[in-house]
There are 2 protein chains.
Amino acid sequence: MEAKEILKTHVAKLASLTDDQFEYFFSFFKKQHFKKGQAIISEGDAVDCEYFVISGCLKSFFINDDLKMFILQFAMPTWWASDYNALYNHTRATISVDCISDTEVLCLSNADREKLCSELHQAEHFFRWRTNKGYVAANKRLLSFMNNNVKCRYEELLKLYPELYNIVPKTLIAAYLGVSRETLSRLHQA
Amino acid sequence: MEAKEILKTHVAKLASLTDDQFEYFFSFFKKQHFKKGQAIISEGDAVDCEYFVISGCLKSFFINDDLKMFILQFAMPTWWASDYNALYNHTRATISVDCISDTEVLCLSNADREKLCSELHQAEHFFRWRTNKGYVAANKRLLSFMNNNVKCRYEELLKLYPELYNIVPKTLIAAYLGVSRETLSRLHQA
DNA sequence: TTCTGAATGTGATGTAGGTCACACAGCTAC
DNA sequence: GTAGCTGTGTGACCTACATCACATTCAGAA
């Protein structure tokens with residue numbers, strides 16, 4: 001499926017745009033290709049865009065003072081990624097985004113999103129519900145962190161996104177779960 | 001300050017409503033009073049409303065199979081609370097909400113919020129940005145969980161919301177930080 | 001007053017997961 | 001080929017936090 005069709009199907013799930021409106025909506029997105037390992041947003045960057053994944057896989061992550069990496073999100077096709085804190089507050093990136101595999105994205109700038117939202121009521125509706133869903137998901141993950149041990153969280157992740165098991169190195173899955181790769185590896189034993 | 005004024009000031013930070021529009025906006029909210037300890041949403045309830053706190057303090061929390069409580073959020077004046085998963089997806093509550101102190105809220109139903117959002121573009125704008133900010137905050141808390149030990153998270157919490165230290169029992173602060181009350185208590189020693 | 005029950009502190013001990021160290025397999029580059 | 005790099009497993013040991021038990025303080029009710 002073509003990028004435009006993928007976005008259209010995705011948007012239609014949350015908002016009602018006429019074909020003309022969607023053409024206008026789509027006109028603000030820029031297609032970009034990145035190679036495996038390539039950085040899209042690096043710590044310290046000015047952040048101007050968010051990215052809608054068409055194919056491939058991104059990760060958004062944080063690296064602490066001890067150089068330990070924590071993954072906030074894997075972004076598969078039809079997912080969005082950016083450093084939203086930096087994007088919304090016009091600050092420098094503290095979250096980085098890079099490519100786990102060769103990836104094709106549609107890029108939307110902050111200014112263009114706001115323009116779209118102010119001109120098209122249904123665009124504002126779409127982005128409200130996109131974030132509503134993200135908010136609920138983030139809170140679910142928070143609860144899972146507080147309530148469940150690593151094994152539960154790992155099984156939960158694999159149940160939600162079985163495709164990750166094959167695409168993503170275990171080291172990165174450990175960084176998403178917030179444990180060491182050694183501990184994740186030892187889960188097989190039990 | 002009166003409830004209407006508090007909401008007006010709060011909304012004005014994110015959206016531009018004329019006085020007439022705000023009157024209309026406000027007309028959908030119902031004022032409610034609750035006593036300390038009173039439940040607003042209990043596990044298993046149908047969830048129809050979200051609550052804007054005027055005075056007092058709420059907590060939203062989850063209780064697991066071992067009867068351990070985890071606090072998702074303290075809601076102080078000008079904060080919103082509900083079980084958003086249940087509210088948005090029309091499912092039964094898994095998150096409960098109750099009163100830490102006597103509390104006055106403005107209650108908005110799901111249907112009324114959607115009506116407002118579809119009729120008033122600026123209302124949709126307001127709710128989009130409210131959730132955007134919540135989303136960013138939830139992700140910050142997630143990172144803090146992965147990256148920081150209990151002491152850091154406790155200090156972070158007190159720096160952000162110093163008023164909690166006096167209002168809220170330590171047991172509840174421990175439930176927010178995701179540690180036992182004993183461990184929290186022992187932080188004084190170090 | 002005395003009793004009761006929250007809220008908090010603190011000692012002893014258990015455990016999940018972290019850290020360090022090393023091994024080995026599979027790739028790619030030359 | 002072999003050198004080097006990434007990904008993964010696993011043993012030995014360490015640490016942060018949990019759990020259980022008990023003590024203390026304070027507020028409100030009888």
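What you see is a predicted model; the values in this text were computed from it and never measured.
- Between the C1' atom of dA18(D) and the CG atom of L177(B) lies a distance of 15 Å, rounded to the nearest Å.
- Atom NZ in K36(B) sits about 12 Å away from atom P in dA27(D), given to the nearest Å.
- For dT8(C), the OP1/OP2 oxygens have a side-chain nitrogen or oxygen of T171(B) closer than 4.0 Å.
- Shown here for V97(B) and S60(B), the closest heavy-atom pair between the two residues is CG2-CB, 3.9 Å.
- Taking atom CG of N166(A) as the reference point, atom P of dT8(D) lies 11 Å away to the nearest angstrom.
- In this structure, F74(A) has its ring center no closer than 6.0 Å to that of W79(A).
- Taking the six-membered ring for Trp, Y161(B) and Y165(B) have ring centres at least 6.0 Å apart.
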Please enumerate all protein N or O atoms sitting under 3.5 Å from an N or O of nucleotides 11-20 of chain C, with distances to 0.1 Å.
residue	atom	partner	partner atom	Å
dG11(C)	N7	R186(B)	NH1	2.8
dG11(C)	O6	R186(B)	NH2	3.2
dA12(C)	N6	R186(B)	NH2	3.4
dG17(C)	OP1	V150(A)	N	3.0
dG18(C)	OP1	S180(A)	N	3.2
dG18(C)	OP2	S180(A)	N	3.1
dG18(C)	OP2	S180(A)	OG	3.0
dG18(C)	OP2	T183(A)	OG1	2.5
dT19(C)	O4	R186(A)	NH2	3.0
dC20(C)	N4	E182(A)	OE2	3.2

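- Atom-to-atom, OH of Y165(A) to C1' of dT8(D) comes out at 11 Å; the value is rounded to the nearest Å.
- Taking atom NZ on K170(B) and atom P on dA6(C), their separation rounds to 18 Å, with Å as the unit.
- Note on ring orientation: taking the six-membered ring where Trp is involved, the planes of Y135(B) and Y84(A) are perpendicular (angle over 60°, cut-offs 30° and 60°).
- In this structure, F127(B) has its ring center under 6.0 Å from that of W80(B).
- Following rounding to the nearest Å, D66(B) (CG) and dC20(D) (P) show an atom-to-atom distance of 10 Å.
- Aromatic pair H10(B)/F126(B): ring centres closer than 6.0 Å.
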